[in-house]
Amino acid sequence: MCGIVGYIGPRKAYPIIIEGLKRLEYRGYDSAGIALFDGKDLKVSKTKGKVADLEAQVEKEITTTGNVGIGHTRWATHGVPNDVNSHPHVSNSGNLVIIHNGIIENYESLKLELISRGYTFKSDTDTEVLVNLIEEIQKQDNLKLGKAVQVALNQVIGAYAIAVFDKNKPEEIVVARLGSPLAIGIGDNDDEFFIASDASPFLEYTKNAVYLEDEEMAIIRFHKGIKIRKIKDDSVVETFVQELQINLEQIEKGGFDHFMLKEIHEQPKAITDTYRGRLLRNEAIIKMAGVEDNMKKFLNANRIIIVACGTSWHAGLVAEYIFEDLARIPVEVEYASEFRYRNPVINEDDVVIAISQSGETADTLAAIKLAKSKGAFVFGVCNVVGSSIARESDAGAYTHAGPEIGVASTKAFTTQITVLTLIALRLARAKGTISSSDFRTHLLELELIPKKVEKALESDDNIKVISKIYKDAKNFLYLGRGYNFPVALEGALKLKEISYIHAEGYPAAEMKHGPIALIDENMPIAVIATKKGHYEKVVSNIQEIKSRKGKIIGIVTEGDTQVRGLADHVIEVPETLESLSPLLTTIPLQLLSYHIAVMLDKNVDQPRNLAKSVTVE
Ligand code: G6P
């Protein structure tokens, strides 16, 4: 969380940094700030609130000239989100300025030490401690900036992506990473450099980028290029320049009001992109290099442990049903944050699947490091190419959803389910737990899903009407059974995240063990009641709700009459196999939460207190 941007080169730094911060706002938006060097002095402007607030303030406060600068958009960890705690932070002398994404865990002891040496602090942040520590080391040992940063980072415990600038050395910026991502865009002839948490801020300027690895730092010098070193032992690292595959269009709204809506509508394409080249229906095979190369590991696995957080965890729950149902492999699904701290029993015969859109979630990353240390084989399912989890995994498969910017995850969820379904089918075939005709039916049906998602999206107007009726509800319940129980959880999460309405997801049959007490005429209840999968049982649950006057929104199969006769509203989705139904039933629930949030005038793409990439524990 937190987004960082920097620029050094011949262009005006301000517009590049401010536009870059807007693209990184998905990483945090509690406060924002910028530091520009105008050739003589450092000009800093920062404020609580969004990048737009910063933009409104900057031109009143400072001159925006200068070809060097750094900027930050914050997701608060240490210190409340206010102007003072916003980044950049300037050292006591006024010479050094820093932006930081991460947490310095031992900042308190370092701070006390610096206070005893006469340093004073304006903010409550760990970052202000770090910039003064660098300054103190620089002063004490008369070190160059790069060296001082290196010595300081060797005293620090925690996680960081930082960029540091010294106004007395205006031709260089020093950056470093441990646990938080950092990309460097390289202009032609080494005459300009862009620094950012991901490549989106510099896509229109260059397609050449270097991604720092953990425990690496780089000294970026105008006209002279980049020098990368290991923070621990100072050894030189060869610079590996990658050519970026994403383009600007993919990270723009493309005519939609919000990224979330655009991403909901991108799902047919995202799902197709995810199975393209992997699902070969004519040959009746599934080809996934990461699975093929490690088939023995999968086939000999005692069990599969899935670790993930948030929406990705819900995709993991859907996968549990698919893997057990089709491939007959026992599966456990764990919150990565719990798994990593509860001394889990893991051994060499376990396969751990880590699911993460961003590939940067700190808890998921820590969980897979733990699993690897115990000898388990780790398979990553990530969306962001080259992300930390993708690199840390022994093997993996990418979801090809394209950049997901809306904080509430949508297309990442359905593409994760697509990848996991392909894996389950491939393993089922290898194990002989699925007949060849069932296998073919699954391939055929999966290939039809994008068209069916398009059809499900056509219910938008109906969903808008329903949203209007229930937008002022204080609570919502979501019920589903079997494959659709995780979809109920995900539906409730979506509503909570962006509308701030309290919502709970439950297995439909569990309702009678508690939640039924909540039901009265004010309670809207979204019930997933598709034809395949315990339909009659769910219909009975709907009867129970009806007799308690709850308001029923049924998610039903096209042409359904039984639930239509009972429910207050129905939303139809096309028919498909039960195992694939989550890919369709989740669509109306995404739209329902989207429309309710818009009607309540909430910030759909940047809901309060959340961030897209959670790089802290
Ligand atoms: C955050 C996001 C969620 C996401 C979760 C896991 O909480 O707001 O949308 O599901 O992190 O993220 P990951 O990138 O690991 O899938």
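Values reported hereafter were calculated over all heavy atoms of this structure, with side chains retained and with hydrogens, waters and symmetry mates removed. When a ligand or atom number is given, it counts from 1 through the structure's own listing order.
- Between the Ser86 side chain and the Asn82 main chain, a donor and an acceptor come within less than 3.5 Å of each other.
- Taking the centre of each ring, Tyr29 and Trp75 stay at or above the 6.0 Å mark.
- For ligand 1, the 4.0 Å heavy-atom shell contains residues Cys309, Gly310, Thr311, Ser312, Ser356, Gln357, Ser358, Thr361, Val407, Ser409, Glu497, Ala611, Lys612, Val614.
- Remark: the backbone N or O of Lys496 is not paired with any side-chain donor or acceptor of Ser499 at under 3.5 angstrom.
- A salt bridge does not link Glu252 to Lys262: none of the charged nitrogens lies less than 4.0 Å from a carboxylate oxygen.
- No close placement of the Phe476 and His502 rings is indicated, their centers lying 6.0 Å or farther apart.
- Lys372 places a side-chain N or O within donor-acceptor distance of the main-chain N or O of Glu392, the cut-off being under 3.5 Å.
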